[in-house]
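Quantities reported herein were computed from a predicted structural model and do not represent experimental measurements. In what follows, chains are A, B, ... by sequence order, proteins preceding strands, each numbered from 1.
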Amino acid sequence: MAIEAKWQERWEARGTNAPDLTRAAKPYYNLMMFPYPSAEGLHVGNVFAFIGADIHGRFRRLAGHDVFEPIGFDAFGIHSENYALKVNMHPEALIPRNIVRFRDQLRRIGLMVHWKHELSTTDPAYYKWTQWVFLQLFKAGHAYRKAGAVNWCPDCKTVLANEQVVDGFCERHPETPVTQRWLEQWFFAITRYVERLLDNLEKLDWSDSTRTLQANWIGRSDGAELVFVTPTGDRIPVFTTRPDTIFGATFLVLAPEHPLVDALTAAEQREVVTQYRRKVSEMDVVARRVGAREKTGVFTGGYARNPATGENVPVWIADYVLMDYGTGAIMAVPAHDERDYEFARLMRLPITQVVAGDQPLPFTSRQGTLTNSGAFDGMRCDESIGKISDWLAERGLGKRQVQFRLHDWCISRQRYWGPPIPIIYCDACGPVGVPEKDLPVLLPETEDFRPDDSGVSPLARIESWYRVPCPQCGAEGRRETDVSDTFLDSAWYFLRYPSTAFADVPFDRALTRQWLPVNSYIGGNEHAVLHLMYARYITMVLHDLGHLDFEEPFTRFRAHGMIVKEGAKMSKSRGNVVVPDQYLAKWGADTFRMYLMFLGPYQEGGDFRDEGIVGQRRFLDKVWDVVHATSMAGRASVPDRVVRKLHQTIRGVSEDVPELRYNTALAKLMEYVNALRKMEPGQKGHGIPASLVEPLVVMLAPFAPHFAEECWERLGHQATVFEARWPAFDAELAKEDQIELVVQVNGKVRARIAASAGLPEAQAIALARADEVVRKFIDTNEIRKIIFVQDRLVNLVV
RNA sequence: GCCCGGGUGGCGAAAUGGUAGACGCAGGGGACUUAAAAUCCCCUGGGGGCAACCCCAUGCAGGUUCGACUCCUGCCCCGGGCACCA
C-alpha cells in the first residue's frame, strides 16, 4: 500500500514515534513481550499480540500521554541454537539475519516503536548487564550451587532442555527413554521470595487468569510437619496436609534418594534397596513424574514410631515420593489417600480407617468425624487438624507447616548460545564472581558449538578461554563454562529499554524513576509462570539490594487470547499456520490490523478465516468516502440523531478501548459510519460537517494508523493525527429523546411502544394498558403487580 | 484427578438481571451494467399463520426472580494450565 509506506517513512523522518524520554511530561511505558527471532519470521499470533498492545499505546498517546513503546529480540537460547544446529549454521550468523526480517515485519504492521531503543539479548552491551544481574544475586547470597538432575539422552549423548523431552523420550530419538544425570548447577533462591510473590498477586492489576496460574504454580499448601522416630533415634519428618488422619498412618514412604535410607535399611534388605535405588536413579526426571504409572517400591526393613499411636510402622521407599517436595518422606494413610491406598493394596500393607463413613475406601473427604483415633474420636476432621498438630507439637513431634510447590530456579545450561555465567573457580578461593569492571565475559567465537557427551557445555572445550587467573588471589583459575538460562535474559529487559544509550550502567537512575514500573504489559499466558514470575523475582531482589524503587515491575498486565485457524490450534504439523506476510501484501496493514482485532474479544483470541477480512476493507472504503464527502465549511445542518450517535459512539469507544474490547469498539465505529451514510442525500450534498468526521478519524487512528493519517491530512491537517486529542463526549448530547417502551405481560414481551424519554411511570403504564395486544393478554385478569423501569419497560403481572 | 476459561443463527460474535442475535462474514432477492466485478437497496434463528400476530429457541436438568444468555445447584461437552506435590 502506497499510503502505508508513505506514512511509515514520515513517522521515521519526523520522529513521530520517538519521544524524547527525558522530556516526557506524562510518561506511559507501553510494553509488549519481545519476540524470539525465529527463522520463520513473525507468525500471526505474534502479530495479534503486538497489534493489540500497539493499539493500546496509540490510544494512550491520543489521550495525552508520552508513550514509550520499545521492542527488542530475545535471541539467546535453545530454540535459536537448535535451529542453527539443524541448518548447520552458526547462530551468530543466523540471528542477525532473522532480526533484519523481524524488524521489517514489525515496521510493516505499523507499530509505534521507538527504534532507537531496540535491544537484543545477544548483544554484549546487553548481556554484560545480564551478567551483572547474576553478580548482584551472587554477591547477595541469592545464587548458590548444588547438584541438580538434568535430562540426558543416551543417543544424542547430551543434556536436553525440558522442552526437548516428550513424555519421557528424546524428541529426536522417540525410542530412547531420557535418563537423568546429576550435575553441579547454579540456582537462584527464588523460594525465599515465595510468600511475597504470592501475597503481592492480590494487589496487582493483572488478568485474573494470569494471577491464578501464578498462584497455582507457587502452590501453597497448609499442613503440618510430623515426626516419626526410628528405634535408633533418627527423626523422620513428614509433611502432610491431613494431620487429622495421623492415626491411620500405617507405614512410611521415603523418596529413594532420601538421606536416611542407608541408616534405615536392614541387612537382609540391603541388596534389594540398593538395586531399587539404582533403577530409579536411571529413570529420567520427566518419566518419574508422569502419573498413572504403576507404583513401585521396596521395604527397607526399618521401622519408625507413629507419634500418635506409638506403634512402629514399616518404612518403605517408592518412586511415587519425590525428594524435592516437602521433606522427601510421607506418612501413608491408605484409607484416606488414593496413592497410599493403591500402594498398600499392591504391597499388602495394613489399612486403617480413621474417618467415620461407609463409603468404600479410600475416601478423602474432610467432611466427617474421626474414629480409631484415641482421644480424638468423634471430633470433626477440620477441628482436629489444629488440635492434633498442637498435641504433637507439645511433645516435640510436630509443628504446623506451610509448603510451596515452587522450586529454586536452576539457571545453568550446558549449552553454547547464552551469556557465560560470570564466575571463576579457584582452588583456594572457591567460586569467585568476575569483577564488574571485567564484564562482559564474552561468549567466545567458535565453530565447535555442538553439545557432546561430556555433560558439560561446549565452552569447556575452549581451554584458552576458560583458563584465567583467579581475580582474588591470582592463582590459576577456571571459568564457569555453563551459560545462563534464557529466562534470565528476559527477566530484566524492560529495565534496559529506556536506558539503552547508557554504556556504563544497566539502567539509569533518573530514567528508571521516570518510566518504571511498566504501565501496561500485554502478552500471552504461555509466559504466565516462568517469564512473569522470574521478572517479578529479579525486580524484587534488585529492589531489596537498593537498585530499584519499586518491587513489582508491571503495574498492569493483560493476557491476550490465542488465534486459532478454523477452530483448530495452529501448528506446523497440522500445516495450518497463518503467515501474515501474504495477507499484509494483499490487504495492507490497516485492514489486517482491524480484521485481527475484530475477530473476537482480544483477551479471548479468535478464529482466523480468510473470508472475513473483506469486511474490514469495505468499512475503510466507507470511511474514505465519508472523509471525501466532508465539507470544510461546516455549514450544513446536522440532524440531532447523527450528533447523538456521534456522542454515543465516543462514549462507547472510549470505554471499550482501554479495556481492550477492540471488537466492540470497532463495531460501534461501524455503526456510526453507517449512520453518517444514512444522512439525507440533501444534507450530504452540502457535505458532511468536519465536526462529525474528525472524531471518527481520531478514534480509528489506533486501529488503522496509516489510513487515519492519510484521512487526517486530507481533512486539511498538517500535523500527525497522533498530535490530536481523543474526542470527549457530551452526556447531554448523547441522551436519547425517543425510547422504545417494552411492555411485558408476566415477563413476556407483548408490545413495543415509541415514547419520549423521561416518560413518567403513570403515563407509561397507561400507555401500556391501552395497547391492543397487551389488552388481549391482560384481558379480564386482575393486575397484581406492575414493574416499571424508567425508559425501558413496563411489566404487568396478572 | 485438581484449578481456570468457554458452550448463543450457516460462521466469527453482541447483550449494567429488563426488546436475545448489535457489528461483520456467508447466503437469497433486486437495482446499476452488453456482461462480470465493484457498489447500492431489501431479506436472512426455527416453526405456524393470508395477515395482525402466536409458539419455540442462548449445552442439559432443576432452582431463585415480576423477568435469567446473565445469579445459584447438579451434570455433559470443548479449550488451556497443573499433576503420584503428600
Side-chain angles (χ1 to χ4, degrees), chain A residues 207-217 219-221 223 238-242 245 253 255 288-295 318-322 324-333 337-340 342-343 364 403-407 525-526 528-529 559 561-562 564 566-569 594-595 598-601 603-616 618-619 621-622 625 661 663-674 677 740-752 772-773 776 784-798:
Chain A
S207 293
D208 288 340
S209 58
T210 313
R211 292 192 301 182
T212 305
L213 284 167
Q214 287 216 346
N216 290 348
W217 186 256
R220 181 191 163 106
S221 288
V238 300
F239 175 72
T240 178
T241 53
R242 297 294 302 274
T245 62
V253 187
R288 173 87 184 272
R289 285 163 186 269
V290 172
R293 264 182 39 253
E294 176 130 301
K295 293 175 177 35
D319 58 352
Y320 81 98
V321 175
L322 308 172
D324 58 8
Y325 183 77
T327 60
I330 62 155
M331 64 177 207
V333 184
D337 181 280
E338 280 167 30
R339 298 153 301 186
D340 297 343
E342 189 193 328
F343 194 73
T364 56
Q403 272 299 327
F404 297 92
R405 213 189 63 98
L406 184 76
H407 290 101
N525 255 345
E526 69 272 19
V529 290
M562 203 173 60
V564 299
E566 275 145 37
K569 193 174 173 172
M594 292 205 302
Y595 175 63
F598 191 65
L599 278 177
Q603 290 173 85
E604 283 167 38
D607 191 353
F608 192 100
R609 280 165 207 261
D610 292 11
E611 309 91 81
I613 304 177
V614 67
Q616 303 306 314
R618 286 181 192 146
F619 171 58
D621 286 345
K622 289 174 192 173
D625 290 345
R661 292 192 297 255
N663 56 331
T664 50
L666 282 171
K668 283 167 185 139
L669 292 174
M670 288 172 182
E671 280 189 61
Y672 178 59
V673 169
N674 291 342
R677 284 156 45 83
E740 200 171 48
L741 185 71
V742 171
V743 185
Q744 298 180 333
V745 179
N746 290 339
K748 288 202 170 194
V749 178
R750 294 303 176 188
R752 295 151 221 249
E772 235 178 89
V773 178
K776 210 168 71 193
R784 292 186 305 164
K785 194 171 175 183
I786 299 175
I787 313 288
F788 173 72
V789 182
Q790 182 71 53
D791 291 343
R792 274 193 186 269
L793 67 73
V794 173
N795 187 8
L796 307 171
V797 185
V798 298

Take the angle between the ring planes of Y320(A) and F343(A) and call it parallel below 30°, perpendicular above 60°, tilted in between.
tilted
For Q403(A), what residues pass the side-chain hydrogen bond (donor to acceptor under 3.5 Å, both in side chains) criterion, not counting sequence neighbours?
none
Distances under 3.5 Å between nitrogen or oxygen atoms of protein and nucleotides 55-58 of chain B:
{"residue": "rC55(B)", "atom": "OP1", "partner": "R750(A)", "partner atom": "NH1", "Å": "3.4"}
{"residue": "rC55(B)", "atom": "OP1", "partner": "R750(A)", "partner atom": "NH2", "Å": "3.1"}
{"residue": "rC55(B)", "atom": "OP2", "partner": "R750(A)", "partner atom": "NH1", "Å": "3.0"}
{"residue": "rC56(B)", "atom": "OP2", "partner": "K748(A)", "partner atom": "NZ", "Å": "3.0"}

Answer with base, sugar-phosphate or nothing: what part of the nucleic acid does V742(A) contact at a heavy-atom distance below 4.0 Å?
base
Can you tell if the side chain of M562(A) reaches within under 4.5 Å of the side chain of N525(A), non-hydrogen atoms only?
no
Looking at CG of L793(A) and CZ of F788(A), how far apart are the two atoms once the value is rounded to the nearest 0.5 Å?
9.0 Å
For E740(A), report the nucleic acid contact type (base, sugar-phosphate, nothing); a contact means any heavy atom under 4.0 Å.
base
Closest nucleotide of RNA chain B for K776(A) versus for M331(A): which of these residues is on the 5' side?
K776(A)
Table of protein N/O atoms under 3.5 Å from nucleotides 26-28 of chain B N/O atoms:
{"residue": "rA26(B)", "atom": "OP2", "partner": "R618(A)", "partner atom": "NH1", "Å": "3.4"}

Any idea if rG17(B) is syn or anti, going by the 90°-from-0 cut?
anti
Closest to side chain of V749(A), choosing from rG24(B), rC84(B), rU19(B)
rU19(B)
Working note: M331(A) + T245(A), criterion side-chain contact (heavy atoms from CB on, under 4.5 Å); need CA distance, chi angles, decisive distance, verdict.
CA-CA 10 Å; M331(A) 64 177 207; T245(A) 62; 3.8 Å; yes
The salt bridge (charged side-chain N to carboxylate O under 4.0 Å, His left out) partners of D340(A) (sequence neighbours excluded) come to none
Taking N and O atoms by type only, does the side chain of K295(A) place a donor or acceptor under 3.5 Å from a partner on the base of rC84(B)?
yes
Using the salt bridge (charged side-chain N to carboxylate O under 4.0 Å, His left out) criterion, which residues pair with R242(A)? Sequence neighbours excluded.
D244(A)
Could you please name the partner base of rC23(B), counting Watson-Crick and G-U wobble pairs only when both distances are under 3.5 Å?
rG12(B)
Got a donor-acceptor contact below 3.5 angstrom from the T327(A) side chain to the A329(A) backbone?
yes
Checking all strands, does V773(A) fall into the base, sugar-phosphate, or nothing category for heavy-atom contacts under 4.0 angstrom?
sugar-phosphate
Identify, with sequence neighbours excluded, every residue that meets salt bridge (charged side-chain N to carboxylate O under 4.0 Å, His left out) alongside R618(A).
none
Spacing of K668(A) atom NZ and N663(A) atom CG [to the nearest 0.5 Å]:
9.0 Å
Under the side chain to side chain contact (heavy atoms under 4.5 Å, CB included) test, which residues partner N746(A), sequence neighbours left out?
V797(A), V798(A)
Who are the ring-ring contact (aromatic ring centres under 6.0 Å, His included) partners of Y595(A), not counting sequence neighbours?
F608(A)
Applied to residues 789-798 of chain A, the salt bridge (charged side-chain N to carboxylate O under 4.0 Å, His left out) test, sequence neighbours excluded, yields none
Taken to the nearest whole Å, CG/D319(A) to C1'/rC84(B) is 8 Å
Any N216(A) side-chain N or O less than 4.0 Å from OP1/OP2 of rA83(B)
no
Could you tell me which nucleotide pairs with rC2(B) by Watson-Crick or G-U wobble geometry, both distances under 3.5 Å, or answer none if nothing does?
rG81(B)
Expressed in whole Å, how much space separates the P atoms belonging to rG7(B) and rC55(B)?
28 Å
Which letters describe nucleotides 43-51 of chain B, given B = protein heavy atom under 4.0 Å from base, S = only from sugar-phosphate, - = neither?
---------
Could you tell me how far apart E671(A) (CD) and rG21(B) (P) are, to the nearest whole angstrom?
13 Å
Who passes salt bridge (charged side-chain N to carboxylate O under 4.0 Å, His left out) against R220(A), sequence neighbours left out?
D222(A)
Report the distance from atom CH2 of W217(A) to atom P of rG80(B), rounded to the nearest whole Å.
17 Å
Would you mind reading off the distance between D337(A) atom CG and rG1(B) atom P, rounded to a whole angstrom?
16 Å
Is the closest basic N to carboxylate O distance between R211(A) and D208(A) below 4.0 Å?
yes
Given rA22(B), is OP1 or OP2 found less than 4.0 Å from the side-chain N or O atoms of T664(A)?
no
I want to verify a distance call: between rG67(B), rC23(B), rA86(B), whose nearest atom is closest to the V321(A) side chain?
rA86(B)
Look at the side-chain N and O atoms of R405(A) and state whether any lies under 4.0 Å from the OP1 or OP2 oxygen of rA83(B).
yes
Selected nucleotide, minimal atom distance to T212(A) side chain, candidates rC3(B), rC66(B), rA86(B)
rC3(B)
For atom P, what is the distance between rA26(B) and rC78(B), given to the nearest Å?
31 Å
Atom CG of N674(A) and atom P of rC23(B) are separated, to the nearest Å, by 7 Å
Hey, does L213(A) reach any base, or is it just sugar-phosphate, or nothing, if we go heavy atoms under 4.0 Å?
sugar-phosphate
Just call it for D340(A): base, sugar-phosphate, or nothing, with non-hydrogen atoms closer than 4.0 Å on any strand.
nothing
For nucleotides 6-13 of chain B, print each protein N/O atom paired with a nucleotide N/O atom at under 3.5 Å, atom names and distance only.
{"residue": "rG12(B)", "atom": "O2'", "partner": "L599(A)", "partner atom": "O", "Å": "2.6"}

Closest to the K785(A) side chain, choosing from rC66(B), rA22(B), rG24(B):
rC66(B)
